[in-house]
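Since this is a predicted model, take the numbers as computed values, not measurements. Excluded from the calculations below are hydrogen atoms, water molecules and symmetry mates; all remaining heavy atoms, backbone and side chain alike, are included.
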Protein chains: 2
Amino acid sequence: MQDYASEKDFLAAYNVHDYEVPLTSVDMAIFKLREQQLEVLLVKRSQHPSRDKWALPGGFIDLKKDRVLEDTAHRKLVEKTGVKSPYLEQVATFGGKQRDPRGWSVTVVYFALVAHEEVDVDPKGAKEETRWVPVTEALRDYKLAFDHNEILRLCRERLTSKVQYTALPIHLLPEEFTLTELQKVFEVILGNEVEKKSFRRRILDADILEESGAMRTGSNRPAKLYRLKRGVENHFFPRTIEGPRS
Amino acid sequence: MQDYASEKDFLAAYNVHDYEVPLTSVDMAIFKLREQQLEVLLVKRSQHPSRDKWALPGGFIDLKKDRVLEDTAHRKLVEKTGVKSPYLEQVATFGGKQRDPRGWSVTVVYFALVAHEEVDVDPKGAKEETRWVPVTEALRDYKLAFDHNEILRLCRERLTSKVQYTALPIHLLPEEFTLTELQKVFEVILGNEVEKKSFRRRILDADILEESGAMRTGSNRPAKLYRLKRGVENHFFPRTIEGPRS
DNA sequence: TTAATAGTGTCTCTTAGACACTATCGA
DNA sequence: TCGATAGTGTCTAAGAGACACTATTAA
């Protein structure tokens with residue numbers, strides 16, 4: 001390597017393409033809840049490689065438009081779902097020689113939680129065929145492109161484990177919800193029942209919700225509607241939900 | 001984009017350098033414990049950009065040698081410390097337009113825990129000046145290259161938070177250690193005292209250690225030496241250490 | 001014997017699980 | 001009044017903190 005006198009000289013002579021670089025992209029698992037099932041958004045690839053295979057939505061960083069990595073994820077999410085302010089979290093980064101036939105590649109993986117009610121079924125950016133699939137089905141029956149099965153499995157795992165000690169599932173519901181609705185979401189993700197009283201104590205004592213004032217009515221006792229308190233992004237409990245003792 | 005008939009045709013015509021790609025690297029925070037202080041390894045940059053500034057060790061993926069991302073991290077770690085089997089964990093990935101003057105860049109960050117006793121003070125791969133610095137000092141007094149202050153802060157945070165519900169600090173000790181030594185490590189990282197009985201109960205009940213049979217002797221009652229049970233990589237406790245109630 | 005550290009017994013405190021109980025709506 | 005779901009009272013269980021106690025070594 002040459003020894004440039006100043007950083008300015010160095011940068012003037014610098015060209016990324018002088019080096020062998022991996023292909024770097026962003027992929028994401030977008031989760032929503034529908035009819036008591038956790039679903040993930042899949043996209044049918046319209047281009048090689050793995051054309052016509054189902055894959056997690058993703059794409060390349062737009063070096064002009066995106067200022068930081070999360071912008072890429074956010075841009076993709078809006079393209080696919082129309083949701084503007086989802087819960088977005090970086091999960092992990094996968095990189096290797098074999099995962100993409102084009103060569104050494106790196107993908108930064110995010111997961112997003114969106115409310116079913118807020119998803120635009122036919123957003124502007126939709127150029128490819130998309131489909132919401134129950135996560136268990138996606139993992140069991142689909143051979144996703146690249147290593148996306150493994151990626152999805154990790155995202156699912158991360159979600160399940162965070163549900164045990166955070167209030168994450170709130171982001172799968174619309175702005176206002178009842179405690180029973182929230183409990184159901186926890187139960188769906190955890191895959192087991194949760195004791196009502198413990199659940200309410202836990203959530204209410206955490207002081208992260210406020211009553212909206214309205215009630216959800218039906219042919220029974222109306223339920224209070226709650227919303228996330230302003231400024232509360234997430235909450236960590238000192239203990240995990242343990243589930244039934246039996 | 002052209003519409004290739006087969007994936008093979010597509011791949012034959014494909015060239016990474018036809019696209020604008022970010023610069024992708026791996027950086028790491030290597031932690032060890034010395035004289036009751038948590039230290040991190042810093043490297044003085046011998047090349048532009050940020051020449052002569054201190055930075056976290058890191059570098060580019062070797063598309064030939066490295067099969068997966070972790071290989072890059074592991075290779076760097078061995079180069080700098082000579083430690084073969086450290087605790088290595090991916091922390092997060094930083095990417096943005098501004099963080100490197102060469103342009104859009106992505107760095108995958110790992111943290112490693114090594115035992116002070118196993119660090120090679122002058123490993124083969126040492127081409128640059130390196131220095132072990134107490135983490136608090138590195139964060140307070142050093143203006144590290146790029147966004148490495150922020151990266152180091154996040155690694156430190158991840159470490160502190162995992163110490164509250166895992167047995168991570170074991171990896172900062174040599175193979176055999178006493179419970180009191182382990183407790184001290186927890187205390188140093190947490191920044192507060194830990195109650196002896198609770199600590200021992202917690203660790204012993206987790207069933208992750210075994211007695212080595214040997215004892216640590218001194219001018220007092222000898223202490224049992226323990227080692228991590230085979231096959232145990234890490235342990236998650238159902239509750240966090242809470243620290244003094246006072 | 002004493003200083004020093006290893007290691008234990010046992011009480012309290014916090015928060016989760018269990019489960020029976022009461023409350024409030026529409027039909 | 002009844003079916004259904006909302007919401008509570010209160011006991012038990014488990015694991016953390018507090019703290020005093022005993023044990024074992026070298027000097």
- Message: Under 4.0 Å, counting only non-hydrogen atoms across every strand here, what does E195(B) touch: a base, just sugar-phosphate, or nothing?
- Response: base
- Item | Any donor-acceptor pair under 3.5 Å from H171(A) side chain to E233(A) backbone | yes
- Mind telling me whether F199(A) and F186(A) have parallel, tilted or perpendicular rings, with 30° and 60° as the class edges? perpendicular
- Looking only at N and O atoms, is any donor in the side chain of K196(A) or the base of dG7(D) less than 3.5 Å from an acceptor on the other one? yes
- E128(B)/K80(B) salt bridge by N-O under 4.0 Å criterion: yes
- Query: Are R202(B) and dA16(D) close enough that a side-chain N or O sits under 4.0 Å from OP1 or OP2?
  - Reply: yes
- Nearest-Å distance for atom pair CG/P, residues N192(A) and dA16(C): 15 Å
- Can you find an N or O donor on one side and an acceptor on the other, under 3.5 Å apart, linking the side chain of R239(A) with the base of dA16(C)? no
- Phosphate OP1/OP2 of dA16(D) contacted by S198(B) side-chain N/O (<4.0 Å): no
- Query: Where is the tightest heavy-atom contact between G82(B) and D120(B), given as atom of each residue plus distance?
  - Reply: CA-CB, 4.1 Å
- Query: 5'-most contact on DNA chain D: S219(A) or T178(A), nearest heavy atom basis?
  - Reply: S219(A)
- Task: In whole angstrom, give the distance that lies between atom CD of E181(B) and atom P of dT5(C).
- Result: 13 Å
- Item | Whole angstrom value for the distance that separates P of dC11(C) from CZ of R245(B) | 16 Å
- Measure the distance from CZ on R200(A) to P on dA18(C) and round it to the nearest whole Å. 17 Å
- Message: Assuming nearest nucleotide by heavy-atom distance, tell me which of D205(A) and L204(B) is located more 5' along DNA chain C.
- Response: L204(B)
- Message: Students often get this wrong, so: under 4.0 angstrom with heavy atoms, is L179(B) touching a base, only sugar-phosphate, or nothing?
- Response: nothing
- Query: Is the closest basic N to carboxylate O distance between E181(A) and K184(A) below 4.0 Å?
  - Reply: no
- Item | Any N/O donor-acceptor pair, K197(B) side-chain to dG9(C) base, under 3.5 Å | yes
- Message: Closer than 3.5 angstrom, by distance alone: can the side chain of Q183(A) be matched with the main-chain N or O of V194(A) as a donor-acceptor pair?
- Response: yes
- Task: Between dC25(C), dG7(D), dT25(D), spot the one nearest the side chain of A223(A), thanks.
- Result: dG7(D)
- Quick one: the side chain of R201(B) and the base of dG17(D), do they pair up donor-acceptor inside 3.5 Å? yes
- Task: Check the distance between dA6(C)'s P and M215(B)'s CE and give it to me in whole angstrom.
- Result: 11 Å
- Item | Atom-pair distance (CZ on F186(B); C1' on dG17(D)), nearest Å | 16 Å
- Distance in angstrom units between K224(A) NZ and dT8(D) C1', rounded: 12 Å
- Query: Nearest to the side chain of N220(A), which nucleotide is it out of dG17(C), dG3(D), dA4(C)?
  - Reply: dG3(D)
- Mind calculating the distance between CD (Q183(A)) and C1' (dA16(C)) to the nearest angstrom? 14 Å
- Query: If you check every side-chain atom of R221(A), which of dA4(C), dT5(D), dA18(D) has the closest atom?
  - Reply: dT5(D)
- Query: Which nucleotide, dA6(C), dA6(D), dA16(D), lies nearest any side-chain atom of T180(A)?
  - Reply: dA6(D)
